[in-house]
Amino acid sequence: MSPQNTRPRVRFAPSPTGPLHIGGVRTALYNYLFARQTGGTMILRIEDTDQTRFVPGAEAYILEALKWVGIELDEGQGVGGPHEPYRQSERKAMYSQYAEQLVTAGKAYYAFDTSEQLDAMRQQLEGQGTAFQYNAITRLKLNNSLTLPQEGVTAKIAAGEPYVIRLKVPAKEEIRLNDLIRGWVHVHSSQIDDKVLMKSDGMPTYHLANVVDDHLMGITHVISGEEWLPSAPLHVLLYRYLGWESTMPRFAHLPLLLKPDGNGKLSKRDADLGGFPVFPLQWTDPETGTVARGFREEGYLSDATVNFLAFLGWNPGTEQELFSMDELIQSFSFERISKSGAKFDIQKAQWFNQQYLRQQSDEALAAYLLPALEAKGIGVTPQKAVGIARLMKDRVTFPQEMLTGTEFLFVPPAGYDPAVIPSKWTPEIALVLAAYKDELPSVENLNADTAKALLHSITERQGVKMGKVMQPLRVVLTGGTTGPDLMLSMELMGKEEVIGRLELALNRLS
RNA sequence: GGUCCGUUCGUCUAGGGGUUAGGACGUAUCCCUUUCACGGAUGAAACACGGGUUCGAUUCCCGUACGGACUACCA
């Protein structure tokens, strides 16, 4: 094998059945980190073999979501490559030959039982407290090419009777696989049922398509969620029977993302309950029009989202928590992925976001603020937007929060907080602020420092404590009692505006 | 029900035969401060249980309990 061929090839293989779940994003991320770290290839394959569950727009959503979090594809749907097509529905013709190969080798068989018949059997047995399995024992009593005479089988097929191809799972065999995260996993073949490989509509099932495509595309490592662990032994069997065991990929089964409270897998319902997103991007259901919130739209920065997701089930073993994508690529390893599921804690995500937000430059945040303000019908200069970013960024978790509680920067207060005014609006304070108003025009360059210096000199001269003045001043200028640094706020409002508001207050309150 | 996988503070986790069991989020108190935040300091908070093995087990083994995944002609 040339060195070229030994370089890892990994794939992310979602189904376009709706918006990509955030857990799927993490799976894609781990694939990507591994690919980049090893100089390998990251592939996107669309597993759309179930035509009944196809959702328009889902594939575009997947592409956009991956792009948003910064996962670059080397090959696959959307970017092309040597193994096109990358949509399984378009590869339909490739699969049946392998299923037939298995039938010829005696490792698979045709089955004519309809889903209705099987469902009925399941129901009936369930009533008796046992589960039905299509397996080494029951297959002998069912309607398939193992029980039917050869002529009957060919006749049925020739007559166009619908059939599936099932894997003939051995009755007694120990199947082992060495998972990169879990170590050796043993499963007895008697526990595996005769899985359908080819459906009656001519499409392969996930199991066949997955194994065939992974082999054909030279996949070396299958990194996927723990929900696939139970079917991994089946896939081992498939690789073996297809004669591909020597080049079978390594498996790595990731721990699941769990509900924040209670039990179970993280689901869309949790998002509605907890008021947080479980999808990377906002998604509007094409049928119902229901909108599901997205991390991006909620104000999560993609770097923060990536960092947060990477740490759900993995850690570097050091005390560093803030990792850029490049650092994650450097540090990633399968050994440091934990085995147990991780509860989804949105507060940690918010903390990451806060950290990344303040790493942003004022200019970068201003670039966000300008259009957002414009949408609100507020026009500001770029310099003022930079000022707002500087004023607010250490105080908020999400960019949009820079605009809540800062209306006062653009609009004079309609009224004053009654808890402060009039009780703290004493004649003494009124005198100080009147003097402030009168002397402000002489300040050449009003900024936080000069504004503060002038107020200081006046309070000192009049023998009033600064602390007594600040609260009334804030209320008079902003209407409220809490908010960002007042001196900086005055700088942003501008001298004329401050004077105007003081004048207005003195008139209103005297 | 069956099979498989798992179990360290509320949460994410580090650690590992002898430790004051470490960090982060959250939380509490205090400090800073013109307010609210930010920031700083300090605190509360965990090895599921029972048996082994061992001088010694939270760490290794076995059970039990609990949790999760899977159990479709869905992926």
Side-chain angles (χ1 to χ4, degrees), chain A residues 13-17 47-50 52-53 88 111 113-115 118-119 122 126 129-134 162-166 179 181-183 185-188 190-193 195-207 209-210 224-233 253 255-256 258-261 263-265 308 311-322 336 338-352 354 358 392-397 401 405 420 452 455 465-475 478 480-487:
Chain A
S15 291
T17 56
E47 308 222 326
D48 57 349
T49 52
D50 186 358
T52 65
R53 294 211 305 162
Q88 287 184 329
D113 322 85
T114 64
S115 355
L118 294 173
D119 284 345
R122 274 190 198 97
E126 208 168 291
T130 45
F132 169 76
Q133 238 193 2
Y134 210 120
Y163 65 93
V164 300
I165 297 180
R166 285 181 181 271
D179 189 275
I181 294 167
R182 278 146 222 287
V185 175
H186 309 251
V187 177
H188 195 85
S190 62
Q191 302 304 326
I192 304 173
D193 63 343
K195 282 273 182 294
V196 170
L197 266 21
M198 292 294 295
K199 299 185 264 191
S200 55
D201 66 358
M203 275 288 192
T205 58
Y206 159 76
H207 303 289
N210 192 266
S224 53
E226 193 190 346
E227 67 265 37
W228 300 116
L229 190 53
S231 59
H253 287 97
L256 259 21
L258 306 173
K259 293 178 185 299
D261 46 52
N263 309 311
K265 231 184 348 177
F308 166 65
F311 269 67
L312 244 29
W314 173 88
N315 76 86
T318 66
E319 288 186 358
Q320 183 184 349
E321 292 211 80
L322 264 21
R336 299 210 64 89
S338 49
K339 295 182 177 71
S340 47
K343 287 191 180 174
F344 193 77
D345 180 12
I346 199 65
Q347 286 188 318
K348 193 82 182 213
Q350 289 168 356
W351 178 78
F352 274 114
Q354 195 182 35
R358 46 175 82 160
M392 297 299 291
K393 81 170 173 187
D394 281 350
R395 309 172 53 82
V396 301
T397 301
E401 289 175 341
V420 179
K452 190 166 194 171
L455 187 59
K465 277 197 164 179
M466 193 74 166
K468 291 219 162 193
V469 180
M470 288 304 290
Q471 190 77 320
L473 178 58
R474 173 179 293 281
V475 173
T478 72
T481 55
T482 65
D485 185 276
L486 191 56
M487 297 302 163

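To find a chain, count down the sequence lines: A is the first, B the second, and so on, and within it residues start at 1.
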Among B:U34, B:U35, B:C73, which nucleotide sits nearest the side chain of A:T482? B:U35

Within the 4.0 Å heavy-atom criterion, would you say A:H186 contacts the bases, only the backbone, or no part of the nucleic acid? sugar-phosphate

So, is A:N315 near the phosphate of B:U13, with a side-chain N or O under 4.0 Å from OP1 or OP2? no

Just to be sure I understand the rule, does A:S338 reach a base, reach only the sugar-phosphate, or reach nothing, if contact means heavy atoms closer than 4.0 Å? sugar-phosphate

Suppose we define a pair by two distances each less than 3.5 Å, Watson-Crick or G-U wobble; what does B:C30 pair with here? B:G40

In whole angstrom, give me the gap between the P atoms of B:U13 and B:U8. 9 Å

Any carboxylate oxygen within less than 4.0 angstrom of a Lys/Arg side-chain nitrogen, looking at A:R122 and A:D119? yes

Given atom CD of A:E319 and atom C1' of B:A24, what is their separation to the nearest angstrom? 9 Å

Looking at A:K393 and A:E401, does any basic side-chain N land under 4.0 Å from a carboxylate oxygen? no

Assign A:V185 to base, sugar-phosphate, or nothing according to its heavy-atom contacts below 4.0 angstrom with the strands shown. sugar-phosphate

Inter-residue atom distance A:H253.NE2 - A:K339.NZ, 0.5 Å rounding: 14.5 Å

Using the C1' atoms only, state how far B:C4 lies from B:G18, rounded to an integer number of Å. 36 Å

Taking atom P of B:A75 as reference, at what distance in whole Å does atom OH of A:Y206 sit? 10 Å

Sticking with atom C1', work out how far B:G15 lies from B:C31, rounded to a whole angstrom. 33 Å

Using a 4.0 Å heavy-atom cut-off across all strands, classify A:G225 as base, sugar-phosphate, or nothing. nothing

Counting any heavy atom closer than 4.0 Å, what does A:S15 reach on the DNA or RNA strands: base, sugar-phosphate only, or nothing? sugar-phosphate

Inspect the contact between A:K343 and A:D345 and indicate whether a charged nitrogen and a carboxylate oxygen are less than 4.0 angstrom apart. no

Hey, is the side chain of A:T49 poking within less than 4.0 Å of OP1 or OP2 on B:A75, counting only N and O atoms? yes

Would you measure the distance from the C1' atom in B:G10 across to the matching atom in B:A45 and give it in whole Å? 9 Å

Closer than 3.5 angstrom, by distance alone: can the side chain of A:T205 be matched with the main-chain N or O of A:V196 as a donor-acceptor pair? yes

Under 3.5 Å, is there a donor on one side chain and an acceptor on the other for A:D113 and A:Y134? yes

Scan A:R474 against the nucleic acid and name what it touches under 4.0 Å (heavy atoms): base, sugar-phosphate only, or nothing. base

Do A:S231 side-chain and B:C70 base share a donor-acceptor contact under 3.5 Å? no

How would you label the contact of A:S340 with the nucleic acid (heavy atoms, under 4.0 Å): base, sugar-phosphate, or nothing? sugar-phosphate

Indicate the ring-plane relationship of A:F352 and A:F311, choosing parallel, tilted or perpendicular according to the 30° and 60° boundaries. tilted

Looking only at side-chain atoms of A:L486, point me to the closest of B:C25, B:U34, B:C4. B:U34

Mind checking the C1' distance from B:U27 to B:C12? Whole angstroms is fine. 16 Å

In whole angstrom, give the distance that lies between atom CD of A:Q320 and atom C1' of B:C25. 17 Å

Would you say the side chain of A:I192 lies within less than 4.5 Å of the side chain of A:Q133, judging by non-hydrogen atoms? no

Using a heavy-atom cut-off of 4.0 Å across all strands, would you classify A:D113 as base, sugar-phosphate, or nothing? base

For A:P484, report the nucleic acid contact type (base, sugar-phosphate, nothing); a contact means any heavy atom under 4.0 Å. base

Identify, between A:R166 and A:F311, the residue whose nearest nucleotide on RNA chain B lies closer to the 5' end. A:F311

Please name all residues satisfying side chain to side chain contact (heavy atoms under 4.5 Å, CB included) with A:T17, sequence neighbours left out, ordered by chain then number. A:S15, A:R53

Counterpart base for B:A21, defined by Watson-Crick or G-U wobble contacts under 3.5 Å: none

When you compare the side chain of A:D394 with that of A:R358, does any pair of heavy atoms fall below 4.5 Å? yes

Taking B:G2 as the reference, what is the distance to B:U58 when you measure between their C1' atoms (whole Å, please)? 32 Å

Between A:R122 and A:R182, whichever has its closest RNA chain B nucleotide further toward 5' is A:R182

Within the structure shown, what part of the strands sits under 4.0 Å from A:D48 by heavy-atom distance: base, sugar-phosphate, or nothing? nothing

Whole-Å distance between B:A37 P and A:Q350 CD? 16 Å

Measure CG/A:L258 against P/B:C5 and give the value in whole Å, please. 18 Å

Can you measure A:K195 atom NZ to B:C73 atom P for me and round it to whole angstrom units? 8 Å

Sugar-phosphate only, base, or nothing, as touched by A:K339 at under 4.0 Å among non-hydrogen atoms: sugar-phosphate

Go ahead and name the base partner of B:G16; Watson-Crick or wobble counts if both distances stay under 3.5 Å, otherwise write none. none

A:L256 atom CG is separated from B:C4 atom P, nearest whole Å, by 18 Å

A:R53 has a side chain; which of B:C5, B:A75, B:A14 sits nearest to it? B:A75

Could you pull out the protein-nucleic contacts involving nucleotides 39-42 of chain B (nitrogen or oxygen on both sides, under 3.5 Å)?
unit_1, atom_1, unit_2, atom_2, d
B:G39, OP1, A:R358, NH1, 3.2

To the nearest angstrom, the CD-P distance between A:E126 and B:G2 comes to 15 Å

Can you tell me the base-pairing partner of B:A57? Count Watson-Crick or G-U wobble geometry only, both distances below 3.5 Å, and say none if there is no partner. none

Could you let me know what B:G6 is paired to, Watson-Crick or G-U wobble, both distances under 3.5 Å, or none if it's on its own? B:C66

Rounded C1' spacing from B:C49 to B:G67 in Å: 15 Å

Partner residues of A:E226 under the side chain to side chain donor-acceptor pair (under 3.5 Å) criterion, sequence neighbours left out: none

Whole-angstrom distance between B:A46 and B:G26, as gauged at atom C1': 15 Å

Would you indicate which nucleotide in B:U34, B:A75, B:U3 comes nearest to any side-chain atom of A:Q191? B:U3

So, is A:K199 near the phosphate of B:A75, with a side-chain N or O under 4.0 Å from OP1 or OP2? yes

What's the closest nucleotide to the side chain of A:V187 if the choices are B:A24, B:C4, B:A14? B:C4

Which value, rounded to the nearest 0.5 Å, describes the distance between A:I165 atom CD1 and A:S200 atom OG? 11.5 Å

A:K265 (side chain) and B:A69 (base): donor-acceptor pair under 3.5 Å: no

